Number of protein chains: 2
Amino acid sequence: MAVREPRGRGGRRPTLEQVAERAGVGRGTVSRVINGSPRVSEHTRALVEAAVAELGYVPNTAARALAANRTDAIALVVPEPERRFFAEPYFSDIVHGVGLALAETEVQLLLTFAGGDRERRRLAQYLGAQRVDGVLLVSVHAGDPLPDLVDQLGVPAVLSGRRSADERLPSVDSDNFGGGRAAVGHLLDRGRRTIALITGPLDVYGARRRHEGCLAALAAAGRPVDPELVAEGDFTEEGGRRAMAELLARRPDLDAVFAGSDVMAGGARLVLRGAGRRIPQDVALVGYDDSVIARHLEPALTSVRQPIVEMGREMTRLLLEEIAERAGGRPARGAGERRRLVLPTELVVRDSS
Amino acid sequence: MAVREPRGRGGRRPTLEQVAERAGVGRGTVSRVINGSPRVSEHTRALVEAAVAELGYVPNTAARALAANRTDAIALVVPEPERRFFAEPYFSDIVHGVGLALAETEVQLLLTFAGGDRERRRLAQYLGAQRVDGVLLVSVHAGDPLPDLVDQLGVPAVLSGRRSADERLPSVDSDNFGGGRAAVGHLLDRGRRTIALITGPLDVYGARRRHEGCLAALAAAGRPVDPELVAEGDFTEEGGRRAMAELLARRPDLDAVFAGSDVMAGGARLVLRGAGRRIPQDVALVGYDDSVIARHLEPALTSVRQPIVEMGREMTRLLLEEIAERAGGRPARGAGERRRLVLPTELVVRDSS
DNA sequence: CATCACGGTGGGAGCGCTCCCAACGTATCG
DNA sequence: CGATACGTTGGGAGCGCTCCCACCGTGATG
């Protein structure tokens, strides 16, 4: 008498026990074969593998998760509304990179949106339910409590970017400093003398580092930094326009502009055009992110590329390491020994400079 | 002596048993409260809820899945490489709709890409492992074996679109016939007399229905269908260009074009421009999908909109119903009684017609 | 020839939950 | 007042797996 209905027409799926019986071995042995333990004789292994194939056995994830206290799944947590996620190529590349790192493994990727307040509360529940072995946190803003919450829950996590220089959590960042320096260095190489800087919001760590890179390039060339040539934007096009207008008013003689993002560069471009400046003849323009915008702008925008796919891959690698380590019973690392990675950025020169 | 290390610094999470003890009740009672059973007295319920809150109890998903034989998770299976998924707004809207339908429930969404052959094999494994209660299959091509595979595995599934008129699986489609009819009807209303049709690949069910809708509109207006005015495209821009060139060569007197997708309409537009035809003065142009392209084209493209968000929501609703039904022990429905839904399309008139 | 080591193996004891049945009141009825 | 009913409740029996310990046989060792 079947107590519960087998699911669907596929019928009940075979269990470890049945495979063991079929192969004429014990449960433990089958388990060892399934999990690739070396402590099984060649002969027995073949026997078991045959039985597995005949029965079409697939281990039940829930049972495994319960017994082994791991899920073989990680979550990519996006603290943004879905819309933005899909709109930005950044995320697409991250997911791609994560997929590459996961391809070799049996680990499953879950996508979780935590845009609203309500979703965030649910996320905490979710992580508490031990549905995943760890999380990748992308697009984390400075001051966001989410990373700390995750950390407190004892869930392994890796961030993309950092919230500050001494980020407590494992993170993968790109070399914002180097990117900013390369951009301004390039403008100097091109013989530009009066270089204006439109920064991102300076309380965002990445934006500040970019700016510091710019200053370093100027310093290395023995140029003084003129505060009149610096304006802060907010990563929006509107912000870029405002900053550019300001700069142009203060220093009509500027012959180059570095903007901390392509979007802001797009705004700056509009203002420059409006003022009758030709790009790049009168004013050279360089952006940051190497987004689609960069290629589609007229003229095509020189920009600093971040290796986003690579970042996704590295984040995943770090996370898997972290998970493996904790599972090994070793205590979680202190803040000091947490993994951190900074990947190189690259200047892509196009027509605007 | 702890045999296994508690995970991370969060320490071991409380279990049902501990909640029961704290509340001074039995395990069964706590379970009933957690699952919202009505067979619990108000007093006891309050007791248990207090204990749950104090201990910060969250049920362990794996244990629940194992015992109850359900996972409270569904997968959105995308049989495409990741790139395309992110590139097309279609998917973004589907995900959005799915999210809406899931918001009320405790069901989790998993995103799975099955672009390559290898991924497909893994998907089968995955579904066999009973990781999800059901799947949403989007962007299924005619002749794709994936849906049948899923069905054979006994996993509840819902398709977006259909593979044929008598699709065996539950599906949510949009009214392609009505969309095609509306588009051509609109052109007739505008007084166009010589309407050319660029169809999608006619072995794709949706494309064929669109085309049939066009023919119906012409028939309703008492217009004969001139085979010279029909050309088959392949949903690409290049295909649209080729078809348009052909049509223009055969019938230079055409004064309107309906293309089975916005992308093909974009290709057609280039050829029309090249031939010196003004849109819409000389030739009216209508597309299909109402994608971003439509709004950004010059002139803005009249197009047929599908309610994609709604489709995502309805797919999810159907799937959840299907799952609930099967869990109830009722046998899976035969092909005849499977759920099917067709949502209305809508013509969005812009400047090109 | 007894002893030891070790690769290989079987199977008990859980993991934390749901399901269900038996048992407990207490209220209702004849 | 005993019998019946019903709303509640406790807890046993698993779900299918991993982990680990005990045990087997073999070959090497003293």
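Here the structure is a predicted model, which is why all the values come from computation and not from measurement. First the proteins, then the strands, lettered A, B, ... as listed; each starts at 1.
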Taking the side chain from [X] and the backbone from [Y], do they hold a donor-acceptor pair closer than 3.5 Å?
X	Y	result
Asn60(A)	Ala62(A)	yes
Glu167(A)	Arg163(A)	yes
Asp144(A)	Leu146(A)	yes

Without decimals, in angstroms, what is the distance between [X] [atom1] and [N] [atom2]?
X	N	atom1	atom2	value
Glu42(B)	dT8(D)	CD	P	10 Å
Arg70(B)	dG16(D)	CZ	P	16 Å
Gln18(B)	dC15(C)	CD	C1'	13 Å
Arg39(B)	dC19(C)	CZ	C1'	13 Å
Leu16(A)	dG16(D)	CG	C1'	7 Å
Arg45(B)	dT8(D)	CZ	P	10 Å
Arg32(A)	dT9(C)	CZ	P	8 Å
Leu66(A)	dC15(D)	CG	P	13 Å

Side-chain N,O ([X]) to OP1/OP2 ([N]) below 4.0 Å:
X	N	answer
Asn60(B)	dC15(C)	no
Thr29(A)	dT9(C)	no
Ser41(A)	dT9(C)	yes
Ser31(B)	dC17(C)	no
Asn69(A)	dT18(D)	no

Rounded at 0.5 Å granularity, tell me how far OG1 in Thr316(B) sits from CG in Leu319(B).
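Thr316(B) OG1 to Leu319(B) CG: 7.0 Å, rounded to 0.5 Å.
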Would the base of dG12(C) count as contacting Arg27(A) through its side chain, where contact means a donor and an acceptor less than 3.5 Å apart?
yes
Classify the nucleic acid contact of Arg64(B) as base, sugar-phosphate or nothing, counting any heavy atom under 4.0 Å across all strands shown.
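Counting heavy atoms under 4.0 Å across all strands, the contact made by Arg64(B) is with sugar-phosphate only.
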Nucleotide of dC15(C), dG16(C), dT9(C) approaching Ala67(B) most closely (side-chain heavy atoms)
dG16(C)
For side chain to side chain contact (heavy atoms under 4.5 Å, CB included), just list the numbers for Leu341(B) and Asp173(B), CA-CA rounded to whole Å, side-chain angles, deciding distance to a tenth of an Å, and then say yes or no.
CA-CA 6 Å; Leu341(B) 213 62; Asp173(B) 205 352; over 6 Å; no
